[in-house]
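Hydrogens, waters and symmetry mates play no part in the numbers below; they use all other heavy atoms, side chains included. Here is the naming used below: chain letters follow the sequence lines, and residue numbers restart at 1 for every chain.
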Protein chains: 2
Amino acid sequence: MELVHTGRAPTRAVLTAELGVTRATAGAVAAELEALGLIQVDSRPLGSAGAQGRPSHRLGIAPRGPVALAAQVHADGFRAALVGLGGQLVATAPGCMTVPADPAHVIDAVVEAGAELLRESGRRCVGAGLAVPSAVAEPEGTALNPLHVAWPAGAPVHELFTRGLAAAGVTNPVGEPVEGLAGNDVNLAALAEHRHGAGRGSAHLLCVATGHRGVGGALVLDGRLHTGSAGLALEVGHLTVNPEGRPCHCGSRGCLDIEADPLAFLTAAGRDPGPEVSLLQQARELLRDEYADPSVRAASDLLIDRLGLGLAGLVNILNPDRIILGGLHRELLEADPERLRSVVAERSLWGRSGGVPILPCTLDHNSLVGAAELAWQRVLDDPLAALGAV
Amino acid sequence: MELVHTGRAPTRAVLTAELGVTRATAGAVAAELEALGLIQVDSRPLGSAGAQGRPSHRLGIAPRGPVALAAQVHADGFRAALVGLGGQLVATAPGCMTVPADPAHVIDAVVEAGAELLRESGRRCVGAGLAVPSAVAEPEGTALNPLHVAWPAGAPVHELFTRGLAAAGVTNPVGEPVEGLAGNDVNLAALAEHRHGAGRGSAHLLCVATGHRGVGGALVLDGRLHTGSAGLALEVGHLTVNPEGRPCHCGSRGCLDIEADPLAFLTAAGRDPGPEVSLLQQARELLRDEYADPSVRAASDLLIDRLGLGLAGLVNILNPDRIILGGLHRELLEADPERLRSVVAERSLWGRSGGVPILPCTLDHNSLVGAAELAWQRVLDDPLAALGAV
DNA sequence: ATGTTTTGTTTACTGTCGGCACAAAGTGAG
DNA sequence: CTCACTTTGTGCCGACAGTAAACAAAACAT
């Protein structure tokens with residue numbers, strides 16, 4: 001099931017090999033998934049001609065199969081979408097560009113947009129996931145620090161989301177109201193990149209990304225998100241990366257959060273951030289358009305050095321086999337990949353862990369796709385129970 | 001099997017409950033383990049009188065069952081032991097007190113001591129494990145930084161240990177030569193504490209300990225040691241805990257490794273370390289005997305603050321549900337538990353993750369027991385394959 | 001002594017998966 | 001075009017694991 005979802009089982013033959021079972025068993029699994037309306041077997045095409053033997057049938061994703069309702073709230077607004085098996089974005093609602101300070105209003109609005117998409121599509125809904133720019137405590141599902149959206153700390157997003165979905169009449173194929181699962185946006189982006197993007201095949205994937213303010217991290221271990229014992233792991237923003245740096249609200253100084261985020265970049269380049277566009281967008285544009293300017297280049301180098309120091313600290317603690325960068329960090333990596341890699345290699349302890357590949361994220365809307373992964377998980381774990389008799 | 005090993009299955013009845021199977025199945029499992037000579041069923045005693053119903057038989061560990069050969073090398077010498085099921089120390093060889101600079105000599109000597117114990121005991125050997133004070137790269141099994149024992153970096157301990165065992169004629173019950181598994185001592189101590197000590201029941205266990213120099217860390221996730229993608233995770237010694245601190249060989253300054261180890265404590269207390277006993281022992285004695293001395297008390301407070309800063313950083317990244325401290329850190333915790341707990345709580349981001357319990361380690365020779373865990377693991381995973389037909 | 005409660009064992013059944021034989025669908029040689 | 005060959009897909013049978021249910025055993029309560 002995971003194999004089909006992550007695209008590692010294009011045919012029954014490779015499914016057999018990947019599962020390590022007999023062809024009979026793999027065939028039965030495929031038949032069950034087809035009966036549940038998740039996949040569709042195409043006898044026709046499989047590009048690879050010239051191969052000996054009977055050609056495999058392609059295990060395609062059912063074109064009108066069930067979808068997950070995915071939602072995201074961030075500093076610039078909110079957005080809803082439908083995501084099919086395999087992480088395909090099936091439909092997207094145009095995002096709203098302002099965020100009311102009342103989480104209940106925002107969540108009701110985004111649920112309504114998602115429910116409308118569901119009605120239009122006529123597809124079944126396997127569940128719903130929401131990405132928020134905040135640590136989310138488990139198992140309560142409360143947003144601990146949703147500063148970027150000006151919500152009160154401890155906002156019960158799981159509860160609000162679930163209630164909103166029930167009010168909008170969203171039900172799963174078995175007819176129960178769906179649970180509104182919520183997660184941190186960077187965590188969910190990491191999950192999406194692991195399953196469908198630059199993190200595929202990694203066993204110890206570390207993701208680090210800026211939002212509009214601050215720095216977030218996530219770790220995917222053996223395909224599962226590592227959220228710690230209470231959902232609070234990978235709060236990487238308060239690693240010290242500049243001992244002489246400015247004091248941080250956390251009580252320390254020179255934290256990654258304030259030394260390597262978009263505002264730090266704009267400040268280091270001597271620019272005054274304007275209020276009209278988001279800090280992330282301003283920083284991206286400055287980096288893209290004025291990299292030739294020595295002050296911009298110097299700011300980029302400075303942030304790369306600080307980011308590298310933070311990543312090296314994480315490499316020493318987590319020993320990942322791959323690192324993926326998002327937000328402004330992705331652009332910093334692309335501006336000077338060699339500089340970042342050499343800083344990480346120099347400051348991490350052992351040559352081999354210093355040689356960890358650092359890649360930019362590759363998925364559009366990876367937090368949105370990751371939110372859908374939360375919802376899809378139940379289907380992946382037990383398709384029959386989640387979808388029931390068709 | 002794990003349940004018996006970790007003492008969570010004292011009777012067939014609780015084994016049934018823990019496994020979530022029927023009594024018939026649990027009985028069959030117990031019968032198999034008894035046939036393999038691992039456990040022994042005592043019909044007689046079970047302290048808990050007054051209970052209704054037929055009393056359970058006790059599933060005891062077979063008194064002459066198989067053992068693992070455990071070995072440890074540290075700055076003060078080396079030591080060999082036999083460890084039975086359940087982490088029982090069955091026999092210990094008196095440790096040698098000097099360590100030759102040639103790893104092959106040390107390992108041959110410790111293997112010989114272990115083999116002698118095996119001959120004396122007449123028990124079967126399920127495998128062999130070795131604890132070394134160094135990061136051990138996986139899967140090669142090379143010791144990357146065995147500075148404390150003056151070995152060359154990259155010493156192939158796995159290979160040397162395996163070869164030594166073959167030369168000593170140590171074989172497993174199936175008659176094959178045993179593989180010499182090697183691991184970092186703090187990692188192995190954490191594993192032992194998780195299964196048999198203060199870490200029992202923890203799902204996200206963090207251990208931090210000093211050896212004689214430096215600071216090591218380990219993480220046990222869902223019962224398995226987290227060693228990262230190449231065995232290099234939890235190198236916690238280079239977290240910054242004192243921005244104004246001394247420069248460290250890693251290129252940064254104020255690292256945990258040099259700011260919170262036994263030498264740092266002795267220096268902070270204004271004592272000149274003598275060469276006769278190990279730094280760890282000197283620091284322990286000073287802390288125990290002269291805590292009333294203001295300079296010792298001040299040094300203790302200083303180290304607790306630095307350690308707390310480091311632990312808080314780890315809590316933010318790993319979000320453990322329990323922390324266990326070993327080496328000098330254990331004594332520092334016991335000297336002033338409240339101070340350490342409040343520093344960690346203040347400097348970790350969220351109240352809940354700041355409330356993580358911090359406990360001293362409870363096992364004697366936990367690295368030795370942990371080394372045996374490496375060897376026992378194969379039996380736990382598949383008792384029949386590892387022990388074969390009796 | 002008898003009933004109750006919990007534990008342990010035996011027996012029959014069920015469901016999953018591997019092994020195997022066979023059919024199907026292509027390529028390549030003659 | 002025919003025939004061998006290779007690989008994929010499917011149906012059938014048997015091994016095996018684990019459940020369910022009935023029964024036996026060993027304590028306590030009355």
Enquirer: What string of B, S and - do you get for nucleotides 5-13 of chain D 5' to 3' if you count protein non-hydrogen atoms under 4.0 Å?
Expert: -BBBBBB--

Enquirer: Does any pair with a residue in residues 9-34 of chain A pass salt bridge (Lys or Arg N to Asp or Glu O under 4.0 Å), and if so which ones, sequence neighbours excluded?
Expert: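 Applying salt bridge (Lys or Arg N to Asp or Glu O under 4.0 Å) to every pair that reaches into residues 9-34 of chain A, excluding sequence neighbours, yields nothing.
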
Enquirer: Whether the side chain of B/His194 engages the backbone of B/Ser202 through a donor-acceptor N/O pair (distance < 3.5 Å, no angle test) should be reported.
Expert: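 Yes; at least one donor-acceptor contact below 3.5 Å.
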
Enquirer: Could you tell me how far apart B/Glu34 (CD) and C/dG8 (C1') are, to the nearest whole angstrom?
Expert: 13 Å

Enquirer: Classify the side-chain pair B/Glu176/B/Thr171 by whether it contains a donor and acceptor separated by less than 3.5 Å.
Expert: no

Enquirer: Give a yes/no answer on whether the side chain of B/Thr25 brings an N or O atom under 4.0 Å of OP1 or OP2 in D/dG18.
Expert: no

Enquirer: For A/Gly180, does its backbone N or O pair with a side-chain atom of A/Thr162 as donor and acceptor, under 3.5 Å?
Expert: yes

Enquirer: Taking atom C1' of D/dT19 as reference, at what distance in whole Å does atom CG of B/Leu19 sit?
Expert: 14 Å

Enquirer: Side chains of residues 368-379 of chain A: which donor-acceptor partners sit under 3.5 Å, not counting sequence neighbours?
Expert:
from, atom 1, to, atom 2, distance (Å)
A/Glu373, OE1, A/His5, NE2, 2.7
A/Glu373, OE1, A/Arg195, NH1, 2.6
A/Glu373, OE2, A/His5, NE2, 3.1
A/Glu373, OE2, A/His196, NE2, 2.7
A/Trp376, NE1, A/Val83, O, 3.1
A/Gln377, OE1, A/Arg195, NH1, 3.3
A/Gln377, OE1, A/Arg195, NH2, 2.7
A/Gln377, NE2, A/Asp381, OD1, 3.1

